Amino acid sequence: MIVVPVELGGRSYDVVVGPGARKLLGRMVAGTGARRAALVTQQSVAGWLAEIDPGVPFEVFVVEDGEAAKSMATVERLCRRFAASGLARSDAVVAVGGGVVTDLAGFAASVFHRGVACLNVATSLLGQVDAAIGGKTGVNLPEGKNLVGSFWQPRAVLCDTEVLRTLPVREWACGRGEMAKYAFLGEEPMGAALADMPLEEQVATCVRLKAAFVSEDERESGARALLNYGHTLAHALEAAAFDRGGDLRHGEAVAIGLVFAALLARRLGRIDDRRVDEHRAVLAAFELPAALPSERRGSQEAERLVDFMARDKKAAHDLTFVLDGQGGVEVVHGVERGDVLATLAEMGEER
Ligand code: GLY
């Protein structure tokens with residue numbers, strides 16, 4: 001088992017990575033002093049529920065499957081059910097699931113009784129390397145994803161690599177897309193070597209990088225934004241798919257977004273061909289897509305994608321990207337619309 005601390009002073013906590021990590025939940029819940037727990041999960045992970053034991057009396061709250069669960073309506077329903085079950089300020093919420101569940105349950109925990117302890121048992125690869133760690137919680141509005149949320153750090157995160165065995169193929173791709181961004185982050189970026197590590201070490205390596213960014217900049221006023229490498233186009237592709245059809249998972253979109261970011265950085269003279277090739281090599285090592293989906297090609301689609309990108313949370317009324325450069329990956333404001341459109345056109349010509 002690998003233990004990675006997230007250093008946040010009095011709110012520090014451990015992320016435990018390894019096969020069987022789920023079995024440590026009872027010990028972690030005991031550490032919070034909770035006498036009851038509310039276990040929030042989705043039907044899709046119900047197969048593991050029999051093996052989840054918080055070590056205190058608990059009730060299970062199953063929310064609907066998929067991203068639809070991340071709504072204000074679900075938060076209200078959950079909080080009302082927490083209240084009806086007698087969950088006290090000193091008790092704990094345990095999220096068992098992927099990013100949807102940890103985002104939702106973490107947000108409900110942060111507002112119920114003005115904040116109760118939350119622990120995450122991350123059951124997806126994406127959750128283990130990103131969503132379950134760092135305290136960003138939230139739900140969607142019809143107007144946009146994650147528009148309502150809070151920073152509420154969990155008290156412990158358990159990343160059980162054994163649980164990943166039952167993940168559907170596309171869920172693996174989704175997690176690997178998020179993993180791929182870490183290949184370019186940190187003081188000595190690992191590149192394609194990350195894909196060659198054993199799974200437990202791979203997850204722990206990503207968790208260490210994430211923990212370092214979160215410790216340095218919990219509220220994302222600086223360095224933490226780099227964790228969004230590849231995400232500006234990814235979010236636009238997801239929004240476009242939501243609006244007009246297309247079948248793209250977050251991690252797949254991030255993979256395409258990483259290639260786009262590399263090509264845009266090259267267009268802006270920040271990196272050379274060799275570095276673009278390194279991006280492609282990482283994606284190939286993780287067996288991820290790199291091409292713009294066919295339904296997103298063409299000048300009209302490009303204009304729409306740029307409109308979505310201009311609304312990105314990082315953007316301060318301009319086009320803002322996380323881009324590679326001589327000194328590594330950094331936030332770049334004020335990118336010209338023409339350069340973004342030209343980069344999309346370049347991608348659209350690739351097969
Ligand atoms: N997923 C990016 C972050 O937690 O900051």
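One-based numbering, in listed order, for ligands and for the atoms of each. What you see is a predicted model; the values in this text were computed from it and never measured.
At a threshold of 4.0 Å, the pair Arg297-Glu301 does not count as salt-bridged, since none of the basic side-chain nitrogens sits closer than that to a carboxylate oxygen. Electrostatic pairing of Asp53 and Arg27 does not count as a salt bridge here, judged by no charged N lying under 4.0 Å from a carboxylate O. Salt bridge Asp217/Arg224: absent, no basic N to carboxylate O contact under 4.0 Å. Ionic pairing of Asp324 and Arg270 is not present here: no N-O contact between side-chain nitrogen and carboxylate oxygen is shorter than 4.0 angstrom.
The atoms of ligand 1 that sit less than 4.0 Å from any heavy atom of Leu227 are 2 (C), 3 (C), 5 (O). Atom numbering of ligand 1 starts at 1 in the shown order; those under 4.0 Å from a heavy atom of Asp130 are 1 (N), 2 (C).
Looking only at heavy atoms of the protein, atom 5 (O) of ligand 1 is closest to Arg224 NE, 2.7 Å.
Distances from atom 4 (O) of ligand 1 to the heavy atoms of Lys136, Lys210, His231 put Lys210 nearest.
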